[in-house]
Each structure stands twice: as structure tokens, then as C-alpha cells.
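To find a chain, count down the sequence lines: A is the first, B the second, and so on, and within it residues start at 1.
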There are 2 protein chains.
Amino acid sequence: MRKPRPVQPDQSLDSASDSGGSEGNVRAVDRALVILNAFREEDGALPLVEVARRAGLHLTTALRLLGTLESHGFVQRLAVGGYRLGPTLLLLGDRFRRSLRLEDHVMPALERLRAESRESATFFVREGDHRRCVFRLDSPQLVRDHAHVGEVQPLGIGAHGRSLIALDAPAGQRPRLPIVTRGERLREIAAIAAPVLDAAGGVAGSVGISVPLYRFDAAAEALCVPLVMREAVAITRALGGDPAAILN
Amino acid sequence: MRKPRPVQPDQSLDSASDSGGSEGNVRAVDRALVILNAFREEDGALPLVEVARRAGLHLTTALRLLGTLESHGFVQRLAVGGYRLGPTLLLLGDRFRRSLRLEDHVMPALERLRAESRESATFFVREGDHRRCVFRLDSPQLVRDHAHVGEVQPLGIGAHGRSLIALDAPAGQRPRLPIVTRGERLREIAAIAAPVLDAAGGVAGSVGISVPLYRFDAAAEALCVPLVMREAVAITRALGGDPAAILN
DNA sequence: CAATACACTTCCAAAATACGGAAACGCACC
DNA sequence: GGTGCGTTTCCGTATTTTGGAAGTGTATTG
């Protein structure tokens with residue numbers, strides 16, 4: 001169990017608790033990271049009290065932790081008062097992405113997809129039993145879905161969610177690629193996605209397009225399906241993978 | 001060598017060494033953040049020993065800290081062994097960027113710049129006495145400069161470095177906009193940049209194009225200069241700023 | 001203008017926490 | 001089977017973090 005209260009009598013069930021475990025974790029660090037996760041994009045800048053409240057920390061503690069985070073650029077303290085996330089995160093986030101060594105091949109593919117379909121193009125990677133959006137280019141059109149790089153979504157549902165596990169199925173029972181869904185995970189969105197393989201034969205990720213459902217008629221589908229397959233193959237080739245496996 | 005001295009005879013003047021200060025910082029957190037900064041993109045995965053060495057930490061300490069970082073997704077432990085940066089950084093980095101509330105206006109502008117110039121387009125924001133690359137689109141051409149989102153560069157040098165402080169000068173002595181440099185910060189790169197203003201009249205950032213010097217002839221300059229000015233004005237307008245100040 | 005409320009900051013003693021030495025473990029390579 | 005290297009567990013200690021309380025400053029109210 002996590003024990004939030006030091007001396008306190010008992011109970012409580014709130015406070016921290018969200019993400020990680022508490023097993024063998026360095027408490028101060030744990031709390032600092034909880035603070036970082038307390039920032040949601042909607043809020044411009046959070047006052048100390050609010051940060052402390054969200055993280056379930058004593059004011060003094062939050063203040064000290066924020067000070068340390070600030071000195072490394074993980075949060076910024078605004079002149080007017082209040083804190084927000086800091087620029088070091090931008091640097092590290094981009095470093096993480098580059099460590100995947102996908103950017104050079106994936107971004108051009110997404111650019112082609114977006115240019116030719118005029119819809120949003122996205123690339124997911126599997127992360128345990130979830131998937132994470134790692135690259136994304138928004139549709140140039142006004143009406144589009146709104147998704148963000150970094151977001152986590154479930155596996156098994158949605159075009160990408162199924163595409164990432166499509167090749168896990170026994171050889172005979174694999175779904176037809178690309179996966180096409182209509183309003184499956186998000187009611188008003190259709191999506192087309194196909195897996196991408198690396199040199200080791202593993203699934204490196206999933207490329208695809210998402211389209212507002214009302215715009216996804218037969219013509220749009222006929223346009224998008226081959227586009228997605230073409231780029232899935234292109235990325236797979238670029239990574240040294242064997243396109244045969246997705247061309248079944 | 002950095003040797004903090006556990007038992008500490010006296011004084012201090014301390015260790016800390018690299019980044020932040022050590023004044024009033026929570027040590028465990030401080031160290032954890034130093035660990036994150038120890039990851040450079042070049043290295044795929046670092047073994048524990050290497051992380052500990054770079055961060056100047058005892059092996060045991062690094063192990064514990066990495067464990068905590070991992071449980072929040074700030075680092076990943078690869079099956080084969082070794083650590084690398086984790087996906088949570090992607091999420092937070094993007095959140096930081098969105099908190100600037102520039103994306104909607106800046107990215108389309110960069111896309112137009114790149115499309116019309118076929119060169120790399122970049123957006124910097126000022127950060128104290130430095131500047132940070134916040135948005136960037138790479139040139140579609142093979143030969144181009146290599147810069148990354150998140151990187152910090154000096155103020156006062158380079159086209160963006162000067163553009164960001166151009167309006168700080170007294171009204172009569174302001175440099176002509178856009179700023180055009182040839183091989184100033186990077187020997188083989190030319191750049192064109194202009195500041196962008198927000199509704200408060202402050203400098204929100206700097207937009208521009210960078211071009212390999214050998215390609216930057218009179219024709220290229222004649223093409224790029226008006227493009228950059230056009231987009232600087234467009235972003236300024238979108239942010240509610242007054243374009244007059246950059247058009248003088 | 002006094003009085004109250006609220007956000008933030010400083011101080012400090014207590015103790016819980018993180019530290020790091022040592023030693024065990026696992027593995028590859030001799 | 002032995003040696004070297006990277007990793008992990010264990011554990012006593014004292015360093016570090018903690019959070020109560022009180023102080024400062026600014027806004028809000030009566």
C-alpha cells in the first residue's frame with residue numbers, strides 16, 4: 001500500500017496514487033514527478049496552492065520541489081506568479097523521439113499522406129498494452145480530429161489499436177490490411193491504419209490517416225486505403241523490414 | 001572530479017557542477033534530473049554504470065533513482081539492458097509547447113515558408129539571455145542544416161539571435177528587418193529572421209528560414225526576405241499584435 | 001481605514017528517508 | 001573453473017526531507 005499520511009490516524013484514499021507504484025521509489029523524486037504530471041495543457045499557469053492540491057502535497061513540500069524543478073528548467077515560474085511546464089521538457093521529449101530513430105522515415109511518409117489525402121496523418125508505437133502517438137500531422141482542413149503527440153490510447157480498439165496487434169494473430173486469421181474503422185473509438189471519426197515492420201521483423205509502429213466520418217465516403221476510402229498501404233510499405237522498406245508480411 | 005563528500009568537513013562551495021544551482025534544492029530530485037540530462041541523443045541506450053558515471057552518482061543511487069524515473073515513464077528500461085529516455089517526456093514536452101499557445105499560428109506559417117522557399121523554417125522564443133528553438137520544419141532538400149526542436153542557442157548572434165532583440169534598441173537605431181546573416185553563427189549557413197509581436201506588444205518569438213550558404217545567392221535572398229516578413233506579419237496579426245512595429 | 005482572507009515564503013526540530021559501503025549475483029569471456 | 005564486469009540486494013546510519021507554525025505581502029471586504 002501507499003502510505004500517504006506520516007503520522008495521521010488513518011484513512012484517506014485520495015492524494016497521489018495516480019500513476020506509478022510506490023515500491024522502492026525515492027519519495028522526493030516520486031513526488032516531483034507527480035507534480036509534473038499535475039500540469040494539464042488547459043491551464044496556462046498554476047498557482048502554488050493549486051499544484052500542491054493536485055499533487056496531494058503540503059504547500060511547503062510543493063514549493064521546495066518546484067524550486068528544484070525550476071532550477072533545471074522542468075517548470076517555469078512566471079513573473080506574474082504561478083508555474084507551468086518548462087522548456088527542458090521540450091528538449092528531452094524530442095530526444096526521446098529521436099532515440100526511436102524513426103523520424104527520418106516516418107515524417108516524410110506522414111507528409112505525403114497528408115498532402116495527398118488532405119487529412120490528418122498519425123504514427124503510433126506500441127507501449128506495453130497501450131499505444132502512444134509519436135508523430136502526427138494535422139489535416140489542413142478546418143474540421144478534423146484533435147489528437148496530440150505523446151498521448152496514450154488503448155490497444156485493440158481503433159484502427160491503429162488493431163493494426164499494431166494485427167500480426168500477432170495466427171497466420172490464417174489475420175485481419176485484412178489496412179485496418180479501416182468507422183466511429184469505432186471516436187464516434188465521429190474514421191481511420192485507416194497499417195503496421196510497419198523493422199529489420200528484426202517486429203512491429204515498429206502503425207501509420208495511418210484519420211478522417212471525420214461525414215467526409216469518409218466511398219471515394220475517400222478508395223483514395224486513402226492504397227495511400228496508407230503504400231506508406232506502410234515504404235517505411236517498412238526504409239527500416240529494413242520485409243514488406244511481404246503486411247501485403248498478405 | 002566532482003566529489004560531494006558525504007561526511008563533509010565543512011564549507012561547501014560545493015559540487016553540483018553542471019546545470020542548476022544547488023541552493024535550496026531537494027537533493028534526490030536534483031540528482032534525478034541530472035540523470036535525465038545525462039542522456040544525449042547519440043546514445044541509444046546507456047547501461048547503469050554509464051548513467052551513474054555521467055551523473056556523477058554512486059551506482060546504488062543511480063539504480064534507485066532510475067527505478068523511480070522508470071515507474072513514471074521518464075526513462076525506459078530496455079529488455080536487453082540499459083536505459084533510455086521515456087515516453088512521458090514526449091507528452092510533457094508537447095504540453096509545454098502547447099502552453100505557449102503559438103502552435104496554431106506558427107506551424108502553418110512555417111509550412112508556408114518551407115513550401116515556398118524549399119528551405120528549413122524555424123521559430124525561436126527568447127528564454128532569458130538565450131533563445132530556444134520551439135518549432136522547426138526541415139528543408140525537403142538533401143543538403144540542409146541540422147537543428148532540433150528544444151535546442152538552446154545564444155542571443156545576439158545569428159539571425160534569430162539578433163531578431164529577438166532587434167526591437168530592444170532605441171527607436172532610431174534599430175536594425176533593418178528582417179535580419180539577414182551569412183555564416184554568422186554557423187559558418188556555412190545563411191539565415192533570414194524577423195521578430196513576431198504579441199497583443200501586449202512584447203516579442204513573442206522569431207520566425208525565419210535557414211539556407212546552406214552556397215545556395216543563398218541574390219535570387220534566393222530576393223525570394224526569402226519578403227516571405228519571412230510576410231509570415232512575421234501574419235503571425236503577429238494572428239496573435240493580436242501590431243505589425244507596424246516590425247514594418248518600419 | 002481597519003479587518004479579514006488568501007497566496008506565498010521562511011524557519012526549524014524531528015524522524016523518516018535516501019544514502020552508499022559491502023557483498024551476493026549473473027554472465028561473458030578466458 | 002576462474003576472472004572481470006555490470007547489476008542487484010541488504011542494511012545501519014546520518015543526511016535530508018518533511019510539515020507545523022508563524023511571518024510577509026497583497027487583495028478583498030466591511
For [X], give me all partners under side-chain hydrogen bond (donor to acceptor under 3.5 Å, both in side chains), at least two apart in sequence or on another chain.
{"X": "A/R101", "answer": "none"}
{"X": "B/S206", "answer": "B/H160, B/S163"}
{"X": "B/R131", "answer": "B/Q153"}

Quantify the bending of the helix from C/dC1-D/dG30 to C/dC30-D/dG1 as the angle between its end axes, each fitted on five pairs, to 10°.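 The end-segment axes of the helix from C/dC1-D/dG30 to C/dC30-D/dG1 are tilted 40° relative to each other.
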Protein heavy-atom contacts under 4.0 Å, written 5' to 3' over nucleotides 6-14 of chain C as B (base), S (sugar-phosphate only) or - (none), form the string -SSSBB---
Could you state the [atom1]-[atom2] distance from [X] to [N], rounded to the nearest angstrom?
{"X": "A/I35", "N": "D/dT17", "atom1": "CD1", "atom2": "P", "answer": "14 Å"}
{"X": "A/L65", "N": "D/dT18", "atom1": "CG", "atom2": "P", "answer": "6 Å"}
{"X": "B/H58", "N": "D/dA14", "atom1": "NE2", "atom2": "C1'", "answer": "16 Å"}
{"X": "A/L57", "N": "D/dG20", "atom1": "CG", "atom2": "C1'", "answer": "16 Å"}

| Audit row: A/R54, A/F39, side chain to side chain contact (heavy atoms under 4.5 Å, CB included) steps and yes/no | CA-CA 9 Å; A/R54 293 197 190 188; A/F39 289 88; over 6 Å; no
Does the side chain of B/S120 pick up a donor-acceptor pair with the side chain of B/D138 at under 3.5 Å?
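No, B/D138 and B/S120 have no side-chain donor paired with an acceptor closer than 3.5 Å.
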Pair A/S71, B/N25: side-chain N/O donor-acceptor within cut-off below 3.5 Å: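 Present: a donor and an acceptor within the cut-off.
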Ionic contact status for B/D168 with B/R126, cut-off 4.0 Å: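 Counted as a salt bridge, because a side-chain N and a carboxylate O are separated by less than 4.0 Å.
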Charged N to carboxylate O below 4.0 Å: is that the case for B/R27 and B/D30?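 No salt bridge links B/R27 with B/D30.
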A/T236 side chain vs A/A232 backbone, donor-acceptor pair below 3.5 Å:
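Checking the backbone N and O of A/A232 against the side chain of A/T236, a donor-acceptor pair under 3.5 Å is found.
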**Asked** With distance as the sole test, does B/T88 use its side chain to make a donor-acceptor pair with the main-chain N or O of B/H72 at under 3.5 Å?
**Response**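 Answer holds: yes.
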- Residues A/I157, A/R185; criterion side chain to side chain contact (heavy atoms under 4.5 Å, CB included); working and verdict: CA-CA 6 Å; A/I157 183 171; A/R185 191 180 64 86; 4.2 Å; yes
For nucleotides 28-30 of chain C, which of its nitrogen or oxygen atoms have a protein nitrogen or oxygen under 3.5 Å away, and what is each distance?
none

Check: Is the distance from OP1 or OP2 of D/dT16 to the nearest side-chain N or O of B/R27 less than 4.0 Å?
Finding: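 Result: yes.
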Can you find a side chain N or O atom of A/R64 that sits less than 4.0 Å from OP1 or OP2 on D/dT17?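 A/R64 to D/dT17 OP1/OP2: no side-chain N or O under 4.0 Å.
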